[in-house]
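Just so you know, residue 1 is the first one in the sequence shown, and it goes up from there. Ligands are counted one by one from 1 in listed order, and the atoms in each one are counted from 1 as well.
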Amino acid sequence: MTTTEAGAKPITDPAELDAVDELAGHRARFVGASSPIVYFDGNSLGRPLVATAQRLSKFVTDEWGDRLIRGWDERWMDLPTSLGDRLGSVLLGAAGGQTAIGDSTTVWLYKLMRAAVDHQQRTDSARTEIVIDTDNFPTDRYLAEGIAAERGLTLRWIEPDSTGGVTPELLSAAVGEATALVVLCHVAYKSAFLADGPALTRIAHDAGALVLWDLCHSAGSVPVDLDGWDADLAVGCTYKYLNGGPGSPAFGYVAARLHGKLTQPIQGWMGARDPFAMGPRYEPAAGIRGFISGTPAIVGMLAMQDMLDLIEEAGIDAVRAKSLALTSYTLELSDAWLTPLGVTVLSPRDGAQRGGHVTLGHPRSREVVKALWKLGVIPDYREPGGMRIGLSPLSTSFDEVHEGLAQVRALLSHSGPISG
Ligand SMILES: *Cc1c(COP(=O)(O)O)cnc(C)c1O
């Protein structure tokens, strides 16, 4: 059934979509789910789960408060790798011993990019280039710039279509005998373009390069299969689709075949073979532990465990199916309501090439987003002229999408200055 309004194309009733959504019941498990806020930013900072409040409080009283420093021996020393293994198995297609949690994505990127280019330079000094795209996230680009300057390397830029991303054709044209490392996002933060993980990894490997995948916008929303792709390195956020809370530590993945070959540049005591020997010289721990630097942020690793439990219960394939249904519905509403008002779609229309968000373009996007925030509708503004509609599959309803886009339509429908 569809609803029709005067002068508008018929659109699908959101109540119908919510009624048949098998994951709809999970929404009530998030804090604030019953508030009238329309939240389109779960891809920047996920909502907390209700269970998390209890987990945090119990941690203060029972673990930190009761176990005190004994907690390190009992559980915390191993948490970066035990939780890393769990994240690897539930979400990343990574066998145990290759994933660890700690630091920020930025710091992981630095450590793994440096480790990769140094290794390549040691084996073949003619590999002097880092390949990266101009639409990659700023921190990835800035780090590549800094590392290139530090190590006397060159950046080779791929310039993708702004509504798309890095395709096999673009990557094939950029890599060669001089490539040391390729740095790619699985889901582009602006366009939501979903890169072909296995195909791009193969192209880089055929050229003799290593690949580092940034999974910030895919972990928890799009299935990933790092071992299956034959990936070398990966990093990702836990405060986006993994609802770990502001500043929760990131994850890093190093394929087992590279252990013992790659050495990371931040040689801290926590990544040493025997931290409490406190010896005179640094000797890295074996395996992924050798990529840890300082004391891990244990408190920051609590909330993500609730989201991991929930995603495991729902199943990542069901999460991806709902994500696609949400982005498709956003496109349906945008085509019916917003295209006549001058809005363009800056994300791929083909679902197979689209991650978990949709970016809409309009010359007045900045004003519109400002007004929407005042109305309790929370998308992101992204230069140039993009309204980014982030749809966190387990906490977003179809009704929320309908309500939010109706507000965009209302704001764009009257001429003159927009204010909320
Ligand atoms: C969010 C995001 C980051 C964030 O890095 P931080 O160190 O957590 O600030 C990095 N890369 C991508 C692609 C992102 O989307």
Side-chain angles (χ1 to χ4, degrees), residues 40-47 80 84 87 91-92 100-114 116 130-147 158 160 162 164-166 181-195 197 200 211-222 224 226 231 233-253 264-266 291-294 296-297 300-301 303-304 307 323 346-347 354-359 379-383 386 388-392:
F40 286 154
D41 241 333
N43 61 336
S44 254
L45 180 68
R47 286 180 184 275
L87 200 141
L91 296 177
L92 307 179
I101 319 265
D103 300 320
S104 61
T105 301
T106 299
V107 172
W108 269 116
L109 278 167
Y110 177 76
K111 296 202 288 193
L112 298 190
M113 279 170 145
R114 262 287 306 267
I130 301 174
V131 170
I132 187 166
D133 64 295
T134 49
D135 276 348
N136 206 316
F137 191 79
T139 215
D140 304 56
R141 291 184 280 111
Y142 301 163
L143 286 162
E145 208 183 311
I147 288 172
I158 294 175
S162 64
V166 179
L181 174 68
V182 177
V183 181
L184 295 167
C185 279
H186 186 214
V187 173
Y189 82 104
K190 273 201 283 194
S191 73
F193 178 82
L194 175 60
L200 298 180
V211 195
L212 197 172
W213 283 101
D214 185 329
L215 306 175
C216 280
H217 279 277
S218 42
S221 123
V222 178
V224 173
L226 290 174
L233 305 162
V235 298
C237 283
T238 62
Y239 52 79
K240 292 174 177 168
Y241 292 109
L242 295 178
N243 306 53
S248 63
F251 62 86
Y253 162 97
Q264 58 114 341
I266 306 180
F291 289 85
I292 293 173
S293 295
M301 294 182 202
M304 70 178 83
M307 192 59 178
S323 166
L346 306 179
S347 294
R354 190 171 69 234
H357 62 272
V358 172
T359 300
D380 251 338
Y381 175 75
R382 284 291 176 268
E383 288 286 0
R388 198 176 64 170
I389 312 292
L391 304 149
S392 194

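Side-chain contact between Ser392 and Tyr241 is present, with at least one heavy-atom pair separated by less than 4.5 Å. Contact check for Cys237 versus Leu242: no side-chain heavy atoms found under the 4.5 Å cut-off.
Of the possible donor and acceptor atoms, one in the side chain of Trp108 sits under 3.5 Å from a partner among the backbone N and O of Gly102. Formation of a donor-acceptor pair under 3.5 Å by the Lys190 side chain with backbone atoms of Glu383 is found in this model.
Considering Thr106, Asp214, Thr105 as possible partners of Thr139, the one that fulfils the side chain to side chain donor-acceptor pair (under 3.5 Å) test is Thr106.
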I'd like the atom pairs linking ligand 1 to the protein - N or O on both sides, separation under 3.5 Å - with distances to 0.1 Å.
from, atom 1, to, atom 2, distance (Å)
ligand 1, 7 (O), Thr105, N, 3.4
ligand 1, 7 (O), Thr106, N, 2.9
ligand 1, 7 (O), Thr106, OG1, 2.6
ligand 1, 8 (O), Tyr239, OH, 2.5
ligand 1, 11 (N), Asp140, OD1, 3.3
ligand 1, 11 (N), Asp214, OD2, 2.9
ligand 1, 15 (O), His217, NE2, 3.1
ligand 1, 15 (O), Lys240, NZ, 2.6

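The salt bridge (charged side-chain N to carboxylate O under 4.0 Å, His left out) test applied to Asp380 returns Arg382, Arg388, not counting sequence neighbours.
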